[in-house]
There are 2 protein chains.
Amino acid sequence: MNKSTYIANQIRDKILNTKELAPNQALKTEVELCKEYNVSKMTLKKAIDILVDEGLVYKQRGVGTFVKNLTESPLNNIRDRYKDQNLTGFSASHKGQTVHTKVLEYTVIPASDFIAEQLGIQPSDFVYFIKRLRSVDDFPNVLEETYMPLELMPGLKLANAETSIYSFIENTLQLKVTSSHLSIRAIKSTEEIAGYLNLKPEEPVIAVTQTAFLSNGQLFEYSVCYHRYDVYEFHTVVVRKD
Amino acid sequence: MNKSTYIANQIRDKILNTKELAPNQALKTEVELCKEYNVSKMTLKKAIDILVDEGLVYKQRGVGTFVKNLTESPLNNIRDRYKDQNLTGFSASHKGQTVHTKVLEYTVIPASDFIAEQLGIQPSDFVYFIKRLRSVDDFPNVLEETYMPLELMPGLKLANAETSIYSFIENTLQLKVTSSHLSIRAIKSTEEIAGYLNLKPEEPVIAVTQTAFLSNGQLFEYSVCYHRYDVYEFHTVVVRKD
DNA sequence: AAGTGGTCTAGACCACTAC
DNA sequence: TAGTGGTCTAGACCACTTA
(Lines give C-alpha, C1' and ligand atoms only; values in the text may rest on other atoms or scores of the structure.)
Protein backbone atom coordinates (compact mmCIF):
# COMPACT_ATOMS: atom_id res chain seq x y z
CA MET A 1 0.00 0.00 0.00
CA ASN A 2 1.30 3.45 -0.85
CA LYS A 3 1.83 6.09 1.80
CA SER A 4 -1.08 8.36 0.91
CA THR A 5 -3.57 5.50 1.03
CA TYR A 6 -2.15 4.40 4.36
CA ILE A 7 -2.44 7.88 5.84
CA ALA A 8 -5.96 8.30 4.48
CA ASN A 9 -6.93 4.98 6.08
CA GLN A 10 -5.48 6.06 9.43
CA ILE A 11 -7.32 9.35 9.47
CA ARG A 12 -10.55 7.83 8.18
CA ASP A 13 -10.42 5.37 11.05
CA LYS A 14 -10.04 8.24 13.49
CA ILE A 15 -13.18 9.81 12.07
CA LEU A 16 -15.40 6.77 11.56
CA ASN A 17 -14.35 4.41 14.30
CA THR A 18 -12.21 5.69 17.16
CA LYS A 19 -13.96 9.11 17.05
CA GLU A 20 -10.60 10.64 17.83
CA LEU A 21 -11.62 13.25 15.28
CA ALA A 22 -15.10 14.68 15.86
CA PRO A 23 -17.39 16.50 13.41
CA ASN A 24 -16.31 20.10 12.76
CA GLN A 25 -12.97 19.42 14.42
CA ALA A 26 -9.85 20.68 12.67
CA LEU A 27 -7.26 18.17 11.54
CA LYS A 28 -3.67 18.96 12.32
CA THR A 29 -2.13 21.30 9.76
CA GLU A 30 -0.40 19.87 6.72
CA VAL A 31 2.99 20.76 8.14
CA GLU A 32 2.26 18.93 11.38
CA LEU A 33 0.87 15.88 9.60
CA CYS A 34 3.89 15.78 7.30
CA LYS A 35 6.09 15.55 10.37
CA GLU A 36 3.83 13.05 12.14
CA TYR A 37 3.80 10.64 9.19
CA ASN A 38 7.26 11.62 7.99
CA VAL A 39 6.19 12.32 4.42
CA SER A 40 6.46 15.18 1.99
CA LYS A 41 3.76 17.75 1.44
CA MET A 42 2.65 16.28 -1.90
CA THR A 43 2.14 12.86 -0.38
CA LEU A 44 0.19 14.23 2.53
CA LYS A 45 -2.05 16.32 0.30
CA LYS A 46 -2.80 13.26 -1.79
CA ALA A 47 -3.88 11.46 1.38
CA ILE A 48 -6.18 14.25 2.53
CA ASP A 49 -7.62 14.58 -0.97
CA ILE A 50 -8.76 10.97 -0.78
CA LEU A 51 -10.84 11.90 2.26
CA VAL A 52 -12.13 15.06 0.58
CA ASP A 53 -13.34 13.01 -2.39
CA GLU A 54 -15.04 10.59 -0.03
CA GLY A 55 -16.90 13.50 1.50
CA LEU A 56 -15.46 13.03 4.99
CA VAL A 57 -13.49 16.25 5.33
CA TYR A 58 -13.32 19.67 3.70
CA LYS A 59 -10.49 22.10 3.28
CA GLN A 60 -10.50 25.89 3.53
CA ARG A 61 -7.53 27.60 2.04
CA GLY A 62 -5.88 29.87 4.57
CA VAL A 63 -7.83 28.26 7.39
CA GLY A 64 -7.44 24.52 7.74
CA THR A 65 -8.94 21.10 7.16
CA PHE A 66 -12.04 19.99 9.05
CA VAL A 67 -14.14 16.92 9.63
CA LYS A 68 -17.48 17.33 7.91
CA ASN A 69 -20.49 17.46 10.18
CA LEU A 70 -22.40 14.73 8.37
CA THR A 71 -25.89 13.64 9.29
CA GLU A 72 -26.62 9.97 9.96
CA SER A 73 -27.65 8.90 6.52
CA PRO A 74 -24.64 10.09 4.47
CA LEU A 75 -22.31 9.03 7.27
CA ASN A 76 -23.68 5.50 7.34
CA ASN A 77 -23.34 5.25 3.59
CA ILE A 78 -19.65 6.05 3.81
CA ARG A 79 -19.18 3.73 6.76
CA ASP A 80 -20.94 0.88 4.93
CA ARG A 81 -18.66 1.27 1.98
CA TYR A 82 -15.59 0.54 4.06
CA LYS A 83 -17.16 -2.25 6.06
CA ASP A 84 -18.07 -4.05 2.85
CA GLN A 85 -14.61 -3.57 1.38
CA ASN A 86 -16.45 -1.92 -1.46
CA LEU A 87 -13.92 0.79 -2.21
CA THR A 88 -15.39 1.95 -5.44
CA GLY A 89 -16.67 5.45 -5.02
CA PHE A 90 -20.17 4.19 -5.51
CA SER A 91 -22.09 1.86 -3.32
CA ALA A 92 -25.35 0.01 -3.15
CA SER A 93 -26.66 -0.74 0.27
CA HIS A 94 -28.97 -3.48 1.37
CA LYS A 95 -29.87 -4.87 4.71
CA GLY A 96 -29.35 -8.58 5.07
CA GLN A 97 -26.90 -11.34 5.55
CA THR A 98 -26.97 -14.58 3.63
CA VAL A 99 -26.57 -14.15 -0.11
CA HIS A 100 -27.56 -16.92 -2.46
CA THR A 101 -27.20 -17.10 -6.24
CA LYS A 102 -29.43 -19.20 -8.46
CA VAL A 103 -28.47 -19.61 -12.11
CA LEU A 104 -31.59 -19.42 -14.26
CA GLU A 105 -29.92 -19.56 -17.67
CA TYR A 106 -26.41 -20.37 -18.71
CA THR A 107 -26.11 -20.42 -22.48
CA VAL A 108 -23.94 -19.46 -25.42
CA ILE A 109 -25.76 -17.53 -28.11
CA PRO A 110 -24.87 -15.40 -31.14
CA ALA A 111 -24.84 -11.73 -30.21
CA SER A 112 -27.81 -9.71 -31.40
CA ASP A 113 -27.03 -6.42 -33.12
CA PHE A 114 -27.72 -4.62 -29.87
CA ILE A 115 -25.54 -6.84 -27.72
CA ALA A 116 -22.73 -6.75 -30.28
CA GLU A 117 -22.85 -2.97 -30.15
CA GLN A 118 -22.75 -2.97 -26.35
CA LEU A 119 -19.80 -5.37 -26.23
CA GLY A 120 -17.93 -3.87 -29.15
CA ILE A 121 -17.93 -7.13 -31.12
CA GLN A 122 -19.44 -8.36 -34.38
CA PRO A 123 -23.09 -9.44 -34.54
CA SER A 124 -23.33 -13.22 -34.38
CA ASP A 125 -20.04 -13.52 -32.51
CA PHE A 126 -20.82 -15.92 -29.69
CA VAL A 127 -21.48 -14.60 -26.21
CA TYR A 128 -22.30 -16.13 -22.87
CA PHE A 129 -25.78 -15.23 -21.74
CA ILE A 130 -26.16 -15.82 -18.03
CA LYS A 131 -29.29 -15.04 -16.08
CA ARG A 132 -29.03 -15.20 -12.31
CA LEU A 133 -31.23 -14.49 -9.33
CA ARG A 134 -29.56 -13.12 -6.21
CA SER A 135 -31.33 -13.64 -2.93
CA VAL A 136 -30.54 -12.19 0.46
CA ASP A 137 -31.95 -14.03 3.47
CA ASP A 138 -34.05 -16.11 1.06
CA PHE A 139 -35.68 -13.03 -0.41
CA PRO A 140 -35.00 -12.62 -4.13
CA ASN A 141 -33.51 -9.16 -4.56
CA VAL A 142 -31.72 -8.85 -7.88
CA LEU A 143 -32.19 -10.37 -11.30
CA GLU A 144 -29.00 -10.21 -13.36
CA GLU A 145 -28.62 -10.61 -17.10
CA THR A 146 -24.99 -10.83 -18.14
CA TYR A 147 -23.44 -10.95 -21.61
CA MET A 148 -19.74 -11.71 -22.13
CA PRO A 149 -17.80 -12.53 -25.30
CA LEU A 150 -17.18 -16.28 -25.42
CA GLU A 151 -13.57 -15.96 -26.46
CA LEU A 152 -12.66 -13.80 -23.49
CA MET A 153 -13.78 -16.39 -20.95
CA PRO A 154 -11.92 -19.62 -21.78
CA GLY A 155 -12.73 -22.36 -19.30
CA LEU A 156 -15.77 -20.73 -17.73
CA LYS A 157 -17.98 -23.32 -16.03
CA LEU A 158 -21.51 -23.29 -14.70
CA ALA A 159 -19.98 -23.60 -11.23
CA ASN A 160 -18.33 -20.19 -11.70
CA ALA A 161 -21.66 -18.59 -12.51
CA GLU A 162 -23.09 -20.16 -9.36
CA THR A 163 -20.45 -18.52 -7.18
CA SER A 164 -18.69 -15.54 -8.70
CA ILE A 165 -17.70 -14.81 -12.26
CA TYR A 166 -15.45 -12.03 -11.01
CA SER A 167 -13.49 -14.52 -8.89
CA PHE A 168 -13.07 -16.68 -11.97
CA ILE A 169 -11.74 -13.72 -13.94
CA GLU A 170 -9.38 -12.55 -11.22
CA ASN A 171 -8.22 -15.88 -9.82
CA THR A 172 -8.36 -18.32 -12.73
CA LEU A 173 -7.76 -16.02 -15.68
CA GLN A 174 -5.49 -13.74 -13.63
CA LEU A 175 -7.12 -10.66 -15.07
CA LYS A 176 -8.34 -7.56 -13.28
CA VAL A 177 -11.60 -5.68 -13.57
CA THR A 178 -10.53 -2.09 -13.28
CA SER A 179 -13.37 0.08 -14.49
CA SER A 180 -17.02 0.01 -15.16
CA HIS A 181 -19.58 2.45 -16.52
CA LEU A 182 -22.96 2.36 -14.84
CA SER A 183 -26.34 3.73 -15.74
CA ILE A 184 -29.17 3.69 -13.23
CA ARG A 185 -32.81 4.09 -14.05
CA ALA A 186 -36.24 3.05 -12.80
CA ILE A 187 -38.67 1.00 -14.88
CA LYS A 188 -41.94 -0.82 -14.40
CA SER A 189 -41.26 -4.48 -13.82
CA THR A 190 -42.21 -6.85 -16.59
CA GLU A 191 -44.14 -10.04 -15.87
CA GLU A 192 -40.86 -11.95 -15.83
CA ILE A 193 -39.00 -9.59 -13.52
CA ALA A 194 -41.99 -9.33 -11.21
CA GLY A 195 -42.20 -13.10 -11.07
CA TYR A 196 -38.59 -13.58 -10.06
CA LEU A 197 -38.49 -10.70 -7.57
CA ASN A 198 -41.89 -11.39 -5.98
CA LEU A 199 -43.26 -8.08 -7.16
CA LYS A 200 -46.51 -7.28 -8.92
CA PRO A 201 -46.14 -6.51 -12.62
CA GLU A 202 -45.65 -2.77 -13.16
CA GLU A 203 -44.23 -2.26 -9.68
CA PRO A 204 -41.00 -0.24 -9.82
CA VAL A 205 -37.65 -1.86 -10.32
CA ILE A 206 -34.21 -0.24 -10.42
CA ALA A 207 -32.34 -1.23 -13.58
CA VAL A 208 -28.57 -0.86 -13.46
CA THR A 209 -26.82 -1.24 -16.78
CA GLN A 210 -23.11 -1.92 -16.60
CA THR A 211 -20.27 -1.94 -19.11
CA ALA A 212 -17.10 -3.36 -17.53
CA PHE A 213 -13.46 -3.28 -18.59
CA LEU A 214 -10.34 -5.26 -17.78
CA SER A 215 -7.02 -3.61 -16.93
CA ASN A 216 -5.85 -4.21 -20.49
CA GLY A 217 -8.71 -2.07 -21.80
CA GLN A 218 -10.78 -5.01 -22.99
CA LEU A 219 -14.57 -4.57 -22.69
CA PHE A 220 -15.63 -7.92 -21.29
CA GLU A 221 -19.10 -7.52 -19.83
CA TYR A 222 -22.42 -5.93 -20.55
CA SER A 223 -25.06 -6.55 -17.94
CA VAL A 224 -28.40 -5.33 -16.71
CA CYS A 225 -29.35 -5.90 -13.09
CA TYR A 226 -32.90 -5.43 -11.87
CA HIS A 227 -33.01 -4.52 -8.18
CA ARG A 228 -36.03 -4.58 -5.88
CA TYR A 229 -36.95 -0.93 -5.45
CA ASP A 230 -37.74 -1.28 -1.77
CA VAL A 231 -34.41 -2.86 -0.83
CA TYR A 232 -31.73 -0.99 -2.75
CA GLU A 233 -30.59 2.55 -2.86
CA PHE A 234 -27.48 4.02 -4.45
CA HIS A 235 -25.22 6.63 -2.94
CA THR A 236 -22.63 9.00 -4.23
CA VAL A 237 -20.75 12.08 -3.15
CA VAL A 238 -20.20 15.01 -5.44
CA VAL A 239 -17.30 17.34 -4.63
CA ARG A 240 -16.54 20.53 -6.46
CA LYS A 241 -12.89 21.50 -6.19
CA ASP A 242 -11.73 25.13 -6.24
CA MET B 1 -7.09 27.22 -14.28
CA ASN B 2 -4.23 25.02 -13.10
CA LYS B 3 -1.95 23.22 -15.54
CA SER B 4 -3.21 19.69 -14.98
CA THR B 5 -6.82 20.71 -15.58
CA TYR B 6 -5.79 22.55 -18.73
CA ILE B 7 -3.88 19.55 -20.07
CA ALA B 8 -6.76 17.20 -19.21
CA ASN B 9 -9.12 19.50 -21.08
CA GLN B 10 -6.86 19.55 -24.12
CA ILE B 11 -6.55 15.79 -24.28
CA ARG B 12 -10.25 15.23 -23.54
CA ASP B 13 -11.07 17.48 -26.47
CA LYS B 14 -8.82 15.40 -28.72
CA ILE B 15 -10.75 12.30 -27.70
CA LEU B 16 -14.32 13.58 -27.63
CA ASN B 17 -14.37 16.26 -30.30
CA THR B 18 -11.50 16.49 -32.75
CA LYS B 19 -11.04 12.69 -32.76
CA GLU B 20 -7.33 13.28 -32.97
CA LEU B 21 -7.11 10.42 -30.49
CA ALA B 22 -9.09 7.34 -31.49
CA PRO B 23 -10.34 4.47 -29.32
CA ASN B 24 -7.57 2.04 -28.37
CA GLN B 25 -4.95 4.51 -29.55
CA ALA B 26 -1.95 5.09 -27.31
CA LEU B 27 -1.36 8.56 -25.95
CA LYS B 28 2.15 9.92 -26.16
CA THR B 29 4.33 8.72 -23.30
CA GLU B 30 4.52 10.73 -20.10
CA VAL B 31 8.00 11.92 -20.97
CA GLU B 32 6.86 13.18 -24.37
CA LEU B 33 3.78 14.86 -22.94
CA CYS B 34 5.88 16.51 -20.24
CA LYS B 35 8.01 18.05 -22.97
CA GLU B 36 5.02 18.97 -25.15
CA TYR B 37 3.26 20.84 -22.35
CA ASN B 38 6.47 21.87 -20.62
CA VAL B 39 5.45 20.55 -17.22
CA SER B 40 6.88 18.20 -14.64
CA LYS B 41 6.00 14.55 -14.38
CA MET B 42 3.78 15.00 -11.31
CA THR B 43 1.71 17.66 -13.02
CA LEU B 44 1.30 15.56 -16.12
CA LYS B 45 0.28 12.50 -14.15
CA LYS B 46 -2.32 14.54 -12.34
CA ALA B 47 -3.74 15.57 -15.70
CA ILE B 48 -3.95 12.04 -17.04
CA ASP B 49 -5.46 10.81 -13.79
CA ILE B 50 -8.35 13.21 -14.30
CA LEU B 51 -9.11 11.42 -17.57
CA VAL B 52 -8.68 8.01 -15.93
CA ASP B 53 -11.22 8.92 -13.28
CA GLU B 54 -13.62 10.11 -15.96
CA GLY B 55 -13.34 6.71 -17.63
CA LEU B 56 -11.90 8.06 -20.88
CA VAL B 57 -8.44 6.47 -20.80
CA TYR B 58 -6.68 3.64 -19.00
CA LYS B 59 -3.06 3.16 -18.06
CA GLN B 60 -0.96 0.01 -18.15
CA ARG B 61 2.21 0.16 -16.18
CA GLY B 62 5.17 -0.73 -18.33
CA VAL B 63 3.10 -0.34 -21.49
CA GLY B 64 1.44 3.02 -21.93
CA THR B 65 -1.77 5.01 -21.73
CA PHE B 66 -4.65 4.31 -24.09
CA VAL B 67 -7.99 5.75 -25.10
CA LYS B 68 -10.76 3.48 -23.86
CA ASN B 69 -12.83 1.82 -26.54
CA LEU B 70 -16.15 2.98 -25.15
CA THR B 71 -19.48 2.03 -26.63
CA GLU B 72 -21.99 4.72 -27.56
CA SER B 73 -23.94 4.92 -24.35
CA PRO B 74 -21.12 5.46 -21.83
CA LEU B 75 -19.38 7.74 -24.29
CA ASN B 76 -22.43 9.94 -24.71
CA ASN B 77 -22.82 10.17 -20.97
CA ILE B 78 -19.33 11.54 -20.60
CA ARG B 79 -19.79 13.87 -23.56
CA ASP B 80 -23.06 15.19 -22.13
CA ARG B 81 -21.42 15.98 -18.85
CA TYR B 82 -18.99 18.39 -20.49
CA LYS B 83 -21.54 19.94 -22.81
CA ASP B 84 -23.73 20.80 -19.84
CA GLN B 85 -20.82 22.23 -17.86
CA ASN B 86 -21.84 19.74 -15.24
CA LEU B 87 -18.39 18.79 -14.06
CA THR B 88 -19.40 16.89 -11.05
CA GLY B 89 -18.49 13.26 -11.50
CA PHE B 90 -22.14 12.38 -11.56
CA SER B 91 -24.68 13.42 -14.11
CA ALA B 92 -28.34 13.17 -14.86
CA SER B 93 -29.32 13.25 -18.47
CA HIS B 94 -32.54 14.30 -20.04
CA LYS B 95 -33.55 15.11 -23.55
CA GLY B 96 -35.12 18.50 -23.98
CA GLN B 97 -34.56 22.17 -24.23
CA THR B 98 -36.65 24.76 -22.46
CA VAL B 99 -36.64 24.45 -18.68
CA HIS B 100 -39.34 26.11 -16.63
CA THR B 101 -39.69 26.29 -12.86
CA LYS B 102 -43.02 26.70 -11.09
CA VAL B 103 -43.00 27.43 -7.38
CA LEU B 104 -45.77 25.46 -5.69
CA GLU B 105 -44.99 26.32 -2.09
CA TYR B 106 -42.71 28.90 -0.55
CA THR B 107 -43.06 28.92 3.21
CA VAL B 108 -41.17 29.18 6.48
CA ILE B 109 -42.01 26.44 8.96
CA PRO B 110 -40.56 25.02 12.17
CA ALA B 111 -38.38 22.01 11.43
CA SER B 112 -39.89 18.65 12.27
CA ASP B 113 -37.70 16.26 14.22
CA PHE B 114 -36.80 14.50 10.99
CA ILE B 115 -35.90 17.65 9.07
CA ALA B 116 -33.94 19.02 12.04
CA GLU B 117 -31.93 15.79 12.07
CA GLN B 118 -31.29 16.03 8.32
CA LEU B 119 -30.16 19.65 8.55
CA GLY B 120 -28.21 19.30 11.78
CA ILE B 121 -30.30 21.93 13.56
CA GLN B 122 -32.71 21.99 16.51
CA PRO B 123 -36.33 20.87 16.07
CA SER B 124 -38.59 23.91 15.73
CA ASP B 125 -35.77 26.03 14.34
CA PHE B 126 -37.30 27.75 11.33
CA VAL B 127 -36.60 26.45 7.85
CA TYR B 128 -37.63 27.42 4.37
CA PHE B 129 -39.81 24.79 2.76
CA ILE B 130 -39.90 25.24 -0.99
CA LYS B 131 -41.75 22.97 -3.37
CA ARG B 132 -41.07 23.42 -7.04
CA LEU B 133 -42.05 21.76 -10.29
CA ARG B 134 -39.46 21.67 -13.06
CA SER B 135 -40.71 21.28 -16.60
CA VAL B 136 -38.77 20.66 -19.78
CA ASP B 137 -40.49 21.56 -23.05
CA ASP B 138 -43.71 22.05 -21.05
CA PHE B 139 -43.58 18.50 -19.70
CA PRO B 140 -43.35 18.38 -15.92
CA ASN B 141 -40.30 16.27 -15.10
CA VAL B 142 -39.14 16.84 -11.55
CA LEU B 143 -40.88 17.70 -8.29
CA GLU B 144 -38.47 19.22 -5.78
CA GLU B 145 -38.94 19.61 -2.05
CA THR B 146 -36.21 21.74 -0.48
CA TYR B 147 -35.52 22.53 3.17
CA MET B 148 -32.98 25.17 4.20
CA PRO B 149 -32.31 26.77 7.59
CA LEU B 150 -33.88 30.23 7.63
CA GLU B 151 -30.89 31.89 9.23
CA LEU B 152 -28.51 30.73 6.51
CA MET B 153 -30.48 32.40 3.72
CA PRO B 154 -30.84 36.07 4.68
CA GLY B 155 -32.63 38.02 1.98
CA LEU B 156 -34.00 35.06 0.04
CA LYS B 157 -37.00 36.08 -2.07
CA LEU B 158 -39.69 34.19 -3.93
CA ALA B 159 -38.08 35.43 -7.15
CA ASN B 160 -34.92 33.49 -6.27
CA ALA B 161 -36.91 30.29 -5.91
CA GLU B 162 -38.48 30.95 -9.29
CA THR B 163 -35.08 31.13 -10.97
CA SER B 164 -32.21 29.54 -9.09
CA ILE B 165 -31.53 29.31 -5.39
CA TYR B 166 -27.96 28.29 -6.16
CA SER B 167 -27.41 31.53 -8.08
CA PHE B 168 -28.70 33.42 -5.06
CA ILE B 169 -26.28 31.60 -2.80
CA GLU B 170 -23.30 32.05 -5.07
CA ASN B 171 -23.95 35.52 -6.42
CA THR B 172 -25.84 37.35 -3.68
CA LEU B 173 -24.53 35.62 -0.57
CA GLN B 174 -21.12 35.06 -2.16
CA LEU B 175 -20.97 31.52 -0.84
CA LYS B 176 -20.00 28.36 -2.66
CA VAL B 177 -21.70 25.00 -2.78
CA THR B 178 -18.81 22.58 -2.75
CA SER B 179 -20.14 19.17 -1.89
CA SER B 180 -23.27 17.18 -1.75
CA HIS B 181 -24.23 13.69 -0.69
CA LEU B 182 -26.83 11.97 -2.85
CA SER B 183 -28.98 8.93 -2.40
CA ILE B 184 -30.97 7.52 -5.31
CA ARG B 185 -33.89 5.15 -5.02
CA ALA B 186 -37.09 4.22 -6.81
CA ILE B 187 -40.50 4.49 -5.22
CA LYS B 188 -44.14 4.25 -6.26
CA SER B 189 -45.49 7.71 -6.90
CA THR B 190 -47.98 9.04 -4.41
CA GLU B 191 -51.22 10.69 -5.55
CA GLU B 192 -49.54 14.07 -5.19
CA ILE B 193 -46.38 13.23 -7.09
CA ALA B 194 -48.35 11.49 -9.81
CA GLY B 195 -50.58 14.52 -10.15
CA TYR B 196 -47.72 16.93 -10.64
CA LEU B 197 -45.69 14.71 -12.93
CA ASN B 198 -48.62 13.48 -15.05
CA LEU B 199 -48.13 9.91 -13.95
CA LYS B 200 -50.61 7.40 -12.66
CA PRO B 201 -50.44 6.79 -8.91
CA GLU B 202 -48.07 3.92 -8.12
CA GLU B 203 -46.11 4.42 -11.34
CA PRO B 204 -42.36 4.47 -10.62
CA VAL B 205 -40.56 7.64 -9.69
CA ILE B 206 -36.86 8.18 -9.01
CA ALA B 207 -36.33 9.88 -5.66
CA VAL B 208 -33.01 11.66 -5.19
CA THR B 209 -32.27 12.77 -1.66
CA GLN B 210 -29.56 15.39 -1.32
CA THR B 211 -27.60 16.86 1.58
CA ALA B 212 -25.55 19.85 0.43
CA PHE B 213 -22.65 21.73 2.03
CA LEU B 214 -21.06 25.14 1.60
CA SER B 215 -17.29 25.62 1.32
CA ASN B 216 -17.19 26.58 4.99
CA GLY B 217 -18.56 23.18 5.93
CA GLN B 218 -22.05 24.44 6.68
CA LEU B 219 -24.89 22.02 5.85
CA PHE B 220 -27.39 24.30 4.16
CA GLU B 221 -29.81 22.12 2.21
CA TYR B 222 -31.78 18.93 2.50
CA SER B 223 -33.90 18.12 -0.50
CA VAL B 224 -35.80 15.33 -2.16
CA CYS B 225 -36.36 15.45 -5.91
CA TYR B 226 -38.85 13.17 -7.62
CA HIS B 227 -37.88 12.51 -11.23
CA ARG B 228 -40.08 11.00 -13.96
CA TYR B 229 -38.76 7.47 -14.35
CA ASP B 230 -39.06 7.49 -18.14
CA VAL B 231 -37.04 10.67 -18.63
CA TYR B 232 -34.10 10.50 -16.24
CA GLU B 233 -31.22 8.17 -15.81
CA PHE B 234 -28.10 8.57 -13.71
CA HIS B 235 -24.58 7.71 -14.75
CA THR B 236 -21.35 7.09 -12.98
CA VAL B 237 -17.95 5.61 -13.63
CA VAL B 238 -16.23 3.34 -11.15
CA VAL B 239 -12.44 3.03 -11.43
CA ARG B 240 -10.34 0.70 -9.37
CA LYS B 241 -6.76 1.90 -9.09
CA ASP B 242 -3.82 -0.50 -8.76
C1' DA C 1 2.59 39.59 9.23
C1' DA C 2 1.93 34.91 10.17
C1' DG C 3 -0.12 30.82 9.09
C1' DT C 4 -3.03 27.98 6.28
C1' DG C 5 -3.72 25.17 2.06
C1' DG C 6 -2.62 24.96 -3.59
C1' DT C 7 0.49 24.23 -7.31
C1' DC C 8 4.57 23.03 -9.44
C1' DT C 9 9.26 21.43 -10.13
C1' DA C 10 13.51 18.42 -11.07
C1' DG C 11 14.97 14.45 -10.07
C1' DA C 12 15.52 9.96 -7.50
C1' DC C 13 14.09 5.44 -7.26
C1' DC C 14 10.70 1.65 -7.93
C1' DA C 15 7.52 -1.84 -10.50
C1' DC C 16 6.15 -3.69 -14.49
C1' DT C 17 6.16 -5.10 -19.60
C1' DA C 18 8.15 -6.37 -23.78
C1' DC C 19 11.80 -7.92 -26.33
C1' DT D 1 17.83 -4.26 -21.17
C1' DA D 2 15.15 -0.43 -22.52
C1' DG D 3 11.10 1.85 -21.90
C1' DT D 4 6.76 2.50 -19.69
C1' DG D 5 4.02 4.28 -15.75
C1' DG D 6 3.98 4.82 -10.04
C1' DT D 7 5.57 6.97 -5.93
C1' DC D 8 7.97 10.10 -3.29
C1' DT D 9 10.84 14.01 -1.95
C1' DA D 10 12.56 18.82 -0.54
C1' DG D 11 11.73 22.97 -1.49
C1' DA D 12 10.06 27.13 -4.19
C1' DC D 13 6.42 30.09 -4.83
C1' DC D 14 1.48 31.39 -4.78
C1' DA D 15 -3.43 32.41 -2.88
C1' DC D 16 -6.13 33.05 0.81
C1' DT D 17 -7.67 34.03 5.79
C1' DT D 18 -7.11 36.00 10.09
C1' DA D 19 -5.49 39.19 13.16
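Chain letters run A, B, ... following the sequence lines, proteins first and then strands; every chain starts at 1. The structure displayed is predicted, hence computed values, not measured ones. The figures here come from the full heavy-atom set of this structure, side chains too, leaving out hydrogens, waters and symmetry mates.
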Asks: Just checking, is any N or O donor in the side chain of Lys68(B) or Ser179(A) under 3.5 Å from an acceptor N or O on the other one?
Replies: yes
Asks: Indicate whether OP1 or OP2 belonging to dC8(D) is found under 4.0 Å from a side-chain N or O atom of Ser4(A).
Replies: yes
Asks: Write down the distance between CD1 (Ile48(A)) and C1' (dT7(C)), rounded to a whole number of angstrom.
Replies: 17 Å
Asks: For Glu221(A) and Tyr166(A), which I'm curious about, is there any donor-acceptor pair between the side chains at under 3.5 Å?
Replies: yes
Asks: Separation of Lys241(B) atom NZ from dG5(D) atom C1', in whole Å?
Replies: 13 Å
Asks: For atom CG of Asn17(B), decide whether the heavy atoms of other residues, nucleotides or ligands shown that lie under 6.0 angstrom number more than 12.
Replies: yes
Asks: dG3(D), OP1 or OP2 - any side-chain N/O from Thr29(B) closer than 4.0 Å?
Replies: no
Asks: Can you check the Glu30(B) CD to dT9(C) C1' distance for me, whole Å?
Replies: 15 Å
Asks: Can you work out whether Gln60(B) or Lys3(A) has the more 5'-proximal nearest nucleotide on DNA chain D?
Replies: Gln60(B)
Asks: Of the nucleotides dT9(D), dA18(C), dG6(D), which has the atom closest to the Val39(A) side chain?
Replies: dT9(D)
Asks: Could you give the NZ-to-C1' distance, from Lys46(A) to dC8(D), as a whole number of Å?
Replies: 9 Å
Asks: Grab the CZ-C1' distance between Arg61(B) and dC14(C) for me, whole Å please.
Replies: 7 Å
Asks: Tell me whether Tyr58(B) contacts the main-chain N or O of Phe66(B) through its side chain, where contact means a donor paired with an acceptor under 3.5 Å.
Replies: no
Asks: With a cut-off of less than 4.0 Å, is there a side-chain N or O of Lys45(A) near OP1 or OP2 of dT7(C)?
Replies: no
Asks: Would you indicate, yes or no, if dT4(D) has its OP1 or OP2 atom less than 4.0 angstrom from a side-chain nitrogen or oxygen of Thr65(B)?
Replies: no
Asks: Can you find an N or O donor on one side and an acceptor on the other, under 3.5 Å apart, linking the side chain of Lys41(B) with the base of dG6(D)?
Replies: yes
Asks: From the set dA10(C), dA15(D), dG6(D), return the single nucleotide nearest to any side-chain atom of Ser40(B).
Replies: dA10(C)
Asks: Would you mind telling me which of dG5(C), dA10(D), dG5(D) lies closest to the side-chain atoms of Met42(A)?
Replies: dA10(D)
Asks: I want to confirm an ordering. Mapping Met1(B) and Val63(B) to their closest nucleotides on DNA chain C, which one lands closer to the 5' end?
Replies: Met1(B)
Asks: Below the 4.0 Å mark, does dT7(C) have OP1 or OP2 next to a side-chain nitrogen or oxygen of Thr43(B)?
Replies: no
